[in-house]
Chemist: 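Quick one: structure below, then a few questions.
Each ligand, and each atom within it, is numbered from 1 in the order the structure gives.
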Amino acid sequence: MKRCVALVVAAGRGERFGGDVPKQYKTLGDAPLLRQALGRLSAHPDIAEVRAVIHPSDLPLYEVAAKGLGIGAPIMGGQERQDSVRLGLEALAADPPDLVLIHDGARPFLGAEVIDRVLDALEHSDAAVPALPLSDTLKRSLDGHGCETVDRANLWRAQTPQGFHFPRILEAHRAAAGLALTDDAGVAERAGMTVALVEGEERNFKITTPQDFEHARDLLRDVTETRVGFGVDVHKLGEGNSVTLCGVVIPNDQGLEGHSDADVALHALTDALLGTIAAGDIGRHFPPTDEQWRGAASVLFVNRAVALVRARGARIVHADITILGEAPRIGPHRRMMTTRVASLLGIDSGHVAIKATTTEQLGFIGRREGLAAQAAVTIQCPAETT
Ligand code: MG
């Protein structure tokens with residue numbers, strides 16, 4: 001699969017917007033506005049990495065916005081947006097991706113479908129831009145002599161993320177340095193690339209004015225929807241004298257084998273959390289081939305998944321975990337496991353169920369070859385409608 005990196009441009013000072021904090025760091029819901037876009041891009045199963053281009057003096061604000069989302073170090077931007085994008089692309093060139101999506105940090109509500117459409121279009125096109133048709137009639141004013149109507153056929157409003165093949169857009173940006181082009185597709189067009197238009201979304205609007213910000217606030221406050229995510233995991237039993245389940249170390253005459261601490265219950269819980277926001281699976285976010293997760297405490301996986309869920313303004317309501325195994329007995333540890341999971345999810349322990357069952361000595365679980373776990377998580381999040 002092609003490796004895709006998302007570059008979020010957030011270096012602007014927001015002079016048009018006013019206020020003492022640049023608009024991308026103003027609080028929307030309970031987090032900086034920028035966190036929405038960072039979280040949504042990080043959650044997308046086909047995006048390998050997210051990086052942001054920021055203004056050097058915004059570093060402390062940025063750290064709050066990106067906390068816990070697993071995003072690489074920020075890149076320092078330049079004077080104009082185009083300079084910031086070029087500097088971002090130059091920073092990515094050290095480990096060049098195949099594809100790059102360039103997104104405005106001030107468009108908080110991009111949907112996974114728009115990302116899918118842009119990535120699909122890149123299969124056969126040099127570049128792809130989400131866009132919407134114009135609905136208003138267009139007028140051109142004539143120096144104090146009234147106006148004339150502009151034919152709006154074939155006219156579109158361009159949005160982001162705009163997608164490109166990395167080496168070509170880097171080259172095009174280098175060649176366009178110093179010119180004032182309004183978006184990255186413009187840079188691509190200038191370099192002779194074909195830019196495909198794909199369907200954008202009204203909800204993916206750019207926050208430019210205080211009214212836009214109020215509109216974004218309303219969307220987050222609006223109708224909520226309830227979602228349930230489900231997760232399953234299995235780990236092999238082997239040599240050892242304890243197992244870690246729900247973050248609690250329990251003495252046992254066998255241990256669990258795995259790349260991390262093999263906490264089968266927290267792995268199922270992580271997948272259930274990711275499932276609520278259709279964010280792929282645990283293997284996508286924490287590849288077993290990645291050395292940094294060797295022996296890792298699985299609470300790290302849960303923490304990341306919780307951050308991704310919350311970044312879009314969602315609230316975790318409840319979790320239900322079932323552990324399948326002949327041993328160890330869960331009863332004596334249930335209270336501690338419940339407390340642990342509740343604190344990881346930031347919810348009341350009365351909203352966390354930890355259950356256990358044997359399989360009547362049937363199958364691999366019955367033969368004590370492995371342990372399995374299932375988890376369900378319920379969340380409430382703003383309805384994803386326009
Ligand atoms: Mg696992």
Chemist: Return all side-chain donor-acceptor pairs below 3.5 angstrom for residues 131-148, not counting sequence neighbours, or 'none' if the list is empty.
Modeler:
unit_1: K139; atom_1: NZ; unit_2: T149; atom_2: OG1; d: 2.6
unit_1: R140; atom_1: NH1; unit_2: E148; atom_2: OE2; d: 2.8

Chemist: I'd like to know if D120 pairs up with R117 as an ion pair, taking the criterion as any Lys NZ or Arg NE/NH1/NH2 lying under 4.0 Å from an Asp or Glu carboxylate oxygen.
Modeler: no
Chemist: Mind checking salt bridge (charged side-chain N to carboxylate O under 4.0 Å, His left out) for D58 and listing every partner two or more places apart, or none if nothing turns up?
Modeler: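 D58 satisfies salt bridge (charged side-chain N to carboxylate O under 4.0 Å, His left out) with R13 only.
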Chemist: What pairs meet the side chain to side chain donor-acceptor pair (under 3.5 Å) rule with one or both residues in residues 247-258, with sequence neighbours excluded?
Modeler: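 Pairs touching residues 247-258 that pass the test: none.
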Chemist: Against the six-membered ring of F213, is K26 placed for a cation-pi contact (under 6.0 Å from the centre, within 45° of the normal)?
Modeler: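 Flagged: K26 positioned over aromatic ring of F213.
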Chemist: Going by chain and residue number, what protein N/O/S atoms come nearer than 2.8 Å to the Mg ion (ligand 1)?
Modeler: D233 OD2, H235 NE2, H267 ND1
Chemist: Would you tell me whether H318 and D320 have side-chain atoms, one donor and one acceptor, within less than 3.5 Å of each other?
Modeler: no
